[in-house]
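Every chain is numbered from 1 and lettered A, B, ... according to where its sequence line falls, protein lines coming before strand lines.
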Amino acid sequence: MPKPGQHDNGRKVEIVFQNLISPIVLCFALGIIAVWIRSDLEVPPAIYQGLSLYLLLAIGLKGGVAVSQTPVSELAGPALVTLVLGFLTPLSAFLLMRHFGRLSRIDAGAVAAHYGSVSAVTFLAAIEAARAGGLIAEGYLSALVAILEVPGIFVGLVLARHGASAGKSKGGSFGEAVHEVLTGRSILLLIGGLVIGTLCGAKKVEEVAPFFITPFKGVLCLFLLELGMVAARRMRDLKNAGWRLLVLGTFLPLFHGILGVVGGLIAGMEPGGAAVLGAMSGSASYIAAPAAVRIALPEASPGIYLTLSLGVTFPFNLTVGIPMFMAVSRWLAPYF
Amino acid sequence: MPKPGQHDNGRKVEIVFQNLISPIVLCFALGIIAVWIRSDLEVPPAIYQGLSLYLLLAIGLKGGVAVSQTPVSELAGPALVTLVLGFLTPLSAFLLMRHFGRLSRIDAGAVAAHYGSVSAVTFLAAIEAARAGGLIAEGYLSALVAILEVPGIFVGLVLARHGASAGKSKGGSFGEAVHEVLTGRSILLLIGGLVIGTLCGAKKVEEVAPFFITPFKGVLCLFLLELGMVAARRMRDLKNAGWRLLVLGTFLPLFHGILGVVGGLIAGMEPGGAAVLGAMSGSASYIAAPAAVRIALPEASPGIYLTLSLGVTFPFNLTVGIPMFMAVSRWLAPYF
Amino acid sequence: MPKPGQHDNGRKVEIVFQNLISPIVLCFALGIIAVWIRSDLEVPPAIYQGLSLYLLLAIGLKGGVAVSQTPVSELAGPALVTLVLGFLTPLSAFLLMRHFGRLSRIDAGAVAAHYGSVSAVTFLAAIEAARAGGLIAEGYLSALVAILEVPGIFVGLVLARHGASAGKSKGGSFGEAVHEVLTGRSILLLIGGLVIGTLCGAKKVEEVAPFFITPFKGVLCLFLLELGMVAARRMRDLKNAGWRLLVLGTFLPLFHGILGVVGGLIAGMEPGGAAVLGAMSGSASYIAAPAAVRIALPEASPGIYLTLSLGVTFPFNLTVGIPMFMAVSRWLAPYF
Amino acid sequence: MNPTLKKMTIVAERVLKDKLIRLIREEGATGYTLIAVEGEGSRGVRASEFEGRNVQIETIVGPETAQRVFDQLAERFLEAYAVIAYTSDVEVLRGTKFVRDSPANSDS
Amino acid sequence: MNPTLKKMTIVAERVLKDKLIRLIREEGATGYTLIAVEGEGSRGVRASEFEGRNVQIETIVGPETAQRVFDQLAERFLEAYAVIAYTSDVEVLRGTKFVRDSPANSDS
Amino acid sequence: MNPTLKKMTIVAERVLKDKLIRLIREEGATGYTLIAVEGEGSRGVRASEFEGRNVQIETIVGPETAQRVFDQLAERFLEAYAVIAYTSDVEVLRGTKFVRDSPANSDS
Ligand SMILES: Nc1ncnc2c1ncn2[C@@H]1O[C@H](COP(=O)(O)O)[C@@H](O)[C@H]1O
Ligand SMILES: Nc1ncnc2c1ncn2[C@@H]1O[C@H](COP(=O)(O)O)[C@@H](O)[C@H]1O
Ligand SMILES: Nc1ncnc2c1ncn2[C@@H]1O[C@H](COP(=O)(O)O)[C@@H](O)[C@H]1O
Ligand code: NA
Ligand code: NA
Ligand code: NA
């Protein structure tokens, strides 16, 4: 076992590089470039929706198979830690956004809902990075994605509502938002896939593996091409965001990420798994959260929460965050 | 060879279970649930059409390769039996719908056109069930799908027209319906794939297998997700259908299914193949038939024929019919 | 080594046949038939755009990997020859269209832009034909597609503009066309894929191979189904084209094709590679060129350039041209 | 210069697409625009998901053509199929392009 | 025979789709047609690409229903959401089909 | 309260999309809605299937903006490209939102 911190710098740089030069990251970059040079490239909305559907169902299936193969005793710790992260991270995001970021209660709650939830694509990129870096990431992590996706959104909404409930907000109802989140397509597909995977087990899922498992990473590339375009359009709004928000958009993923890594190691996960949990914890949702927030907090400004989650935190995690969580996890692992 | 009926019950239950706990059936269930909980899940129409296109072409290709490898002498019997089923089943459906179901001649003919034709997805699910149950199903069965698809529709239309021709019906012409059926996309893709597969043979189709063959079952899952949603929407109309139609919607598949199994065994097919032929015969079309009926019999009520074929018979076959045809075929096979 | 011309005829016929009876060509034929029999088959536009996106990115990726494995010294010759073809072929197309085809300067330039560029699908079909015929085609050929795609379009536009610049043309600006071509999605995806493939190298691209490489040929089949329909619609306009244009539509691919074969052999390519370069050189663009021409030369008639490139030259190459270039290349190779 | 014509909109189940296009062409329309739509009305009919959802056909025509198409729709399709149609007045850029029906040119 | 009704068009962010359909149904619309659209306005809001782009809802209604929907839109959605709405006069084939609102039948 | 404005509809080949959006923006439109359509007209032109089918642009504008866009279309695009355009009167919910053109505010 290497003494902590030893060859660390060399490896760290290498990991960063490994992470950046991958089809997934480069497709994201290609999407950004397409917007910058004003290309007429476009992924038809139907294709984009089809790809999301596929990715979410596939993540669920993989997670389900892993769950069916993991003893409950081994799952309990990580699941609990994930749940705790689902409550802690929106709270810290809310407080920082409110006091350092100077956002209104509504906007701070909206942002908190995003940072409390999880970005499935960041999760996937972290899984890949772990594999490329030779680290082991537990198969049941996809199940943790499902666990992490919901609570943070509710905590964010409750925080925002707490003051707003005094008659101010109209249009958005909390009940509807609950329904929206729980029946929303992303949760449905993720949980649906999870249940199907768990019920069917490895052998039966094997039969659909040539569609759901093997080509998965390639499909992710196509998806990231479009996501790059969306993020690039969001980045244009960065100039209106103010430096305080930009600082938080990079500090929050780091802070939550390291919380996640530590939590994962405490729960006894492998260094790779803890790093991935860090990436999940440090990521901000841009699928489930925006829809719920739009319903429950229509007065909150999407220009703030979407720009932060998609224009700042997502690319930050993809390029800096993930390799850093890997390095931190490697570095801390021997102490656990 | 097991004495007929011996371990039958144990196996039957196991087969039923095997059939129900599969990614395909569970994705169908997920679609149904999505509608029930009013999720905003939707498969974009373009994706759905793309999936159908893929499935039909792939079925054709596979069937074509099998045909190219099967001596004509071996094909002749099953093809003839299939043709006979294509005439018998719409007739029995018509008579039962007319006299027991108390439908008008037009509506009875419309329903007959659906039950006389075949549901490609039921066929596929049956193939999978056979494989999962360790039974052999002949490769040329896909070719029989193409044979079974057309005649039943015409018989149904002719039966409906027989009385209606007395000036009553306007708008829909039989000639147009013939054109619609024969040039309709489902037939075109199925026959087109069949011819391409036959001409190219196994070796050349091998080259496109990583797209058309290997991931096929996974694609089918996605398709069934949407089909579950469509069926669930149809099920809402069940309450208007009346108990007589519901009874027929489950009796017809059983009756036609057993006819198909017996026919298949007579033609010398393997027990698995006969069971699949049973499932085909017992299934009701919801791709080719509805379009043709809508053109030729616009007065017929889609609320009846679609609800029966998609809301009753399809889920019935998927869950009860197919395992039953397997069991019946196993049970009868020794007598042939 | 076989004496040139010896078993040639037998092999030639066999190659032609091999080329025609393939899933790719037959799917194209199925598309044509669908239009002829007025089927209601349609590939949803979103699917078609998704398929193009996939194909272009995949070609680029494959080319990039090949480039990363090829020493620059080996690439230089073929790249140079390709560039020369990119200038020669639009010029010859322009002169022939102007003087033999009797087109206006604008229309001749528009057609030249198409014949100077390259059809990615013809390239792919040629690659397949080479493989089926047991010939070796260099992996870096995809990179040459990118090199060949752009210059011919500009040469064509310049030729058309040369006279038109005298105030006549309005609406279309050359500058916009340059932007359109360089940022156009086809170039962006091709070059983007190329760069990603080169940067990532074989090992990392391997991870997305189950999506971008293995099923590629099958996806191509689906694409050709739609392309067959588009071409068939274009063929309807053939009667208005006049025999002079029809003659050129078959002469130009042959002429440019043989130029390409000879150029490839001079550059030291394998017979298979030279044949594919011939097919590229002989092909006419129908993705990048039409968009650029429509912007820069709106007065040019799409009825002429699209009908020629898609209704005449593409099917001609697919059925006659490619096998002929293979034969010519085999026949000439021993002399180099 | 910008003459007033009718914009006719027809929303119908997909299965009628080709027939409706033929109909409006025959009655004098010089063109049309097709939109893939979804919808719900009083009939709730859909031939099959596979056939796609509804189709909306928009065509700029002279008032006489509009009336003739209305009449044909009522006679041939309105009863048995899920179809609705309506017109509104539009002011068209270079409107002469859209009137083909010889006697109807002098639409009053 | 071809009575004049209102065609109301609502363009809104996708997330409102179900609510708006419920609203127009409740106010008396007998049906509607949905179109998937893209758009830009003064707010530039989009909940998420994943939710799809905007949705355009077109519904043929009597003038009273139209006014009520307008009022509801203004009260409940206009402020917080990206939504626009407008109406125009249309002449409808078999227009009786489109008026359901009992007292509003005699739209003045 | 619900002022009458113009709804301008432009149907054009895809390749013009960005130019047309820029045009209407420059002439004072505050927004627009885009629909992917198919169509046939007198020219039958399509740059390439790959580019997608036609595009329909709908924009709510004041009458002066509408006229200016009409003029620009006629001058710059009508001849060489497949494009049609028409306007109709619409009554808009909170219509002040849609009029930006400073001098044109008092559209007569
Ligand atoms: N009131 C309405 N407003 C707008 N579109 C309608 C309306 N009623 C029906 N439609 C459209 O017309 C189609 C057929 O209507 P129906 O014949 O009433 O089932 C529906 O699917 C809708 O797309
Ligand atoms: N002037 C306009 N003309 C046509 N559509 C518009 C206009 N303004 C806004 N829209 C549409 O309404 C949506 C919401 O607009 P807004 O609330 O202004 O952001 C936009 O995304 C457009 O689709
Ligand atoms: N009479 C018409 N009614 C509706 N749309 C039309 C009409 N004529 C042309 N179009 C649309 O405008 C596009 C261009 O027309 P054109 O320039 O005549 O080829 C067509 O592709 C149609 O989408
Ligand atoms: Na998070
Ligand atoms: Na049947
Ligand atoms: Na060329």
Completion exercise
Heaviest contributor of heavy-atom pairs below 4.5 Å to chain D, chosen from F:L78, F:L73, F:V11, F:I35, is F:L78
Exercise for the section: For the residue pair F:E40 and D:Y32, confirm or rule out a side-chain donor-acceptor distance under 3.5 Å. Expected result: yes
Handout entry: D:L34 side chain near F:V37 side chain, heavy-atom distance below 4.5 Å
Key = no
Practice task
Please state whether the side chain, the backbone, both or neither of D:I21 comes within less than 4.5 Å of a heavy atom of chain F.
Solution key: neither
Exercise for the section: Begin from the C-alpha positions of D:V90 and F:S88 and carry the test side chain to side chain contact (heavy atoms under 4.5 Å, CB included) through to its verdict. Expected result: CA-CA 5 Å; D:V90 287; F:S88 61; 4.0 Å; yes
Problem - Distance, nearest 0.5 Å, that separates OG1 of D:T30 from CD1 of F:I84 - result: 8.0 Å
Practice task
Please report the closest heavy-atom contact between F:G41 and D:R25, naming both atoms and the distance.
Solution key: O-NH2, 4.3 Å
Completion exercise
Taken to the nearest 0.5 Å, the spacing of F:T9 OG1 from D:I60 CD1 works out to 7.5 Å
Handout entry: Per-residue contact mode, D:Q56 against chain F (heavy atom under 4.5 angstrom)
Key = neither
Problem - F:Y86 side chain reached by D:E58 side chain, heavy atoms, under 4.5 Å - result: yes
Fill in the blank from the handout: In this structure, CD of D:E91 is separated from CE of F:M8 (nearest 0.5 Å) by 9.0 Å
Practice task
Kindly determine whether D:T33 and F:E38 satisfy side chain to side chain contact (heavy atoms under 4.5 Å, CB included), including the steps that lead there.
Solution key: CA-CA 6 Å; D:T33 297; F:E38 293 183 68; over 6 Å; no
